There are 2 protein chains.
Amino acid sequence: MVVRKPRLGPDDWTAAALTAIGEQGLAGVAVEPLATRLGTTKGSFYWHFANRDALLEAALRSWDETYTDAILRTVDAEPDPAARLRALFVAVTASDRAPVEVHLHAAADHPAVAPAMRRAVTRRTAYIAAQLTALGFDPAEADRRALFAYATYLGHIQLVVRIPEAVPHGAALEAYLGTVLAALLGQPAANGTG
Amino acid sequence: MVVRKPRLGPDDWTAAALTAIGEQGLAGVAVEPLATRLGTTKGSFYWHFANRDALLEAALRSWDETYTDAILRTVDAEPDPAARLRALFVAVTASDRAPVEVHLHAAADHPAVAPAMRRAVTRRTAYIAAQLTALGFDPAEADRRALFAYATYLGHIQLVVRIPEAVPHGAALEAYLGTVLAALLGQPAANGTG
DNA sequence: GTCTCTCCATACGGTTCCGTATGGAGGTGG
DNA sequence: CCACCTCCATACGGAACCGTATGGAGAGAC
């Protein structure tokens, strides 16, 4: 863990901060513990950054790029809206990105984190809504379903990170995601009593 | 705010702790700040409690009772499963309980909070699944939809607390909840292109 | 070799919290 | 009225941080 590099740059600190967010949340972005992990001291940190908040904002910019921009770029290469949505769902449920997302959302009361969360929800729901509109939903319904999908995503990663026992595995997880996708993409169903 | 009561009991500290969780999260459960708010000092606290964790556990027991037991008792007085589910949705979206729920979930990495979150998700999803089963869904599908509903709830309160601008108001909120409820309670819809 | 500039180590003071020790203040029983 | 018991105030030591000050260590310019 204490892999000493002869000299460090700001990017090393930013990457370490993002890793720490995934493991311990915002509290993990602490100068002295990070310095220990990087095998250096605060002297190095305060050479590259003005203060802790500057590091946090750099980490959040990196998060924007990795956790929203890159994902949407990749997914957007799919040929049609249905495939794009499907690829998006696979990408955000299958990988190990959940901890960072959950911990950041949990710290959205911090003045530097709140704008990042706003940017994320805006861009992500807009992208989903655009796909739904392309699938034939009228714009208002597309917006509602996009928000619905995003809320479900947030709750899902919350459960995955905080209470993993509550989330099914394997085939049961597949069946669960099938139920969710059918509900999100299906026709506005009439009320049913089963 | 500093309403001095001549003598305090454990319940005063527990209530203050739960209020602090709603406002500032787990970090708000700090002995010295709470003492200031209650117009007393740490001397009082450490008379009634062994340490900070003891206060936290008392607050979590109080949370169990207020935020799960009481709600489910009230809702269960409704005459039929559909009405119970509807009352449950109204109860959990309309009130100001969201901040406490969100802040507690955000602190589920704490060893005392994690069991409380497990208890909550277990009891709540079991209750929802029971209503869905009574509505005619087969048990496996009822479990899936209950978890789906709970994930959506978690994401929703997360958005309400952290990024309120992202959640619609008034009539738009009604329309949104209508879409959500239709999807959660509707027939397993066939895939639609609009 | 020495000068200089970049980068880091160490030491310090300040803040906020936890938990302990100890000395009361104030009501209650005898 | 006095001894006691419950409850609280004050003072202290310790831990984990942040940010600053200052003295180098190392590498390139010349």
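Since the model is a prediction, treat every value here as computed from it, not as a measurement. Each chain gets a letter, A, B and so on, in the order the sequences are listed, and its residues count up from 1.
What separates NZ of K42(B) from P of dG13(D) is a distance of 13 Å, to the nearest Å. Between the CZ atom of F49(B) and the C1' atom of dC18(C) there is a distance of 16 Å, rounded to whole Å. L8(A) places its CG atom 13 Å from the C1' atom of dA9(C), with the value rounded to the nearest Å. Here the P atom of nucleotide dC7(D) and the CH2 atom of W13(B) are 14 Å apart, to the nearest Å. In this structure, the CZ atom of F45(B) is 7 Å from the P atom of dG19(C), given to the nearest Å. Atom-to-atom, CZ of R52(A) to P of dA16(D) comes out at 17 Å; the value is rounded to the nearest Å. Separating the CG atom of L26(A) from the P atom of dC18(D) is a distance of 12 Å, rounded to the nearest angstrom. In this structure, the OH atom of Y46(B) is 18 Å from the P atom of dC12(D), given to the nearest Å.
Closest to the side chain of T41(B), from the set dT10(D), dC18(C), dG19(C), is dT10(D).
Ring geometry for W13(B) against F45(B) counts as perpendicular: the plane angle is over 60°, on a 0 to 90° scale with 30° as the lower cut.
When the side-chain nitrogen and oxygen atoms of H48(A) are compared with OP1 and OP2 of dT6(C), none of them lie within a distance under 4.0 Å. Between T40(B) and the phosphate of dA9(D), there is a side-chain N or O to OP1/OP2 separation shorter than 4.0 Å.
Residues R61(B) and E65(B) are not paired through a salt bridge, judged by the lack of any N-O separation under 4.0 Å between the basic side chain and the carboxylate. Between E101(B) and R124(B) there is a salt bridge, since a side-chain N of the basic residue sits under 4.0 Å from a carboxylate O of the acidic one.
Checking Y127(A) against D76(A) by side-chain atom types alone, a donor-acceptor pair falls below 3.5 Å.
Taking for each of E32(A) and W47(A) the nucleotide of DNA chain C with the nearest heavy atom, the 5'-most of the two is the partner of W47(A).
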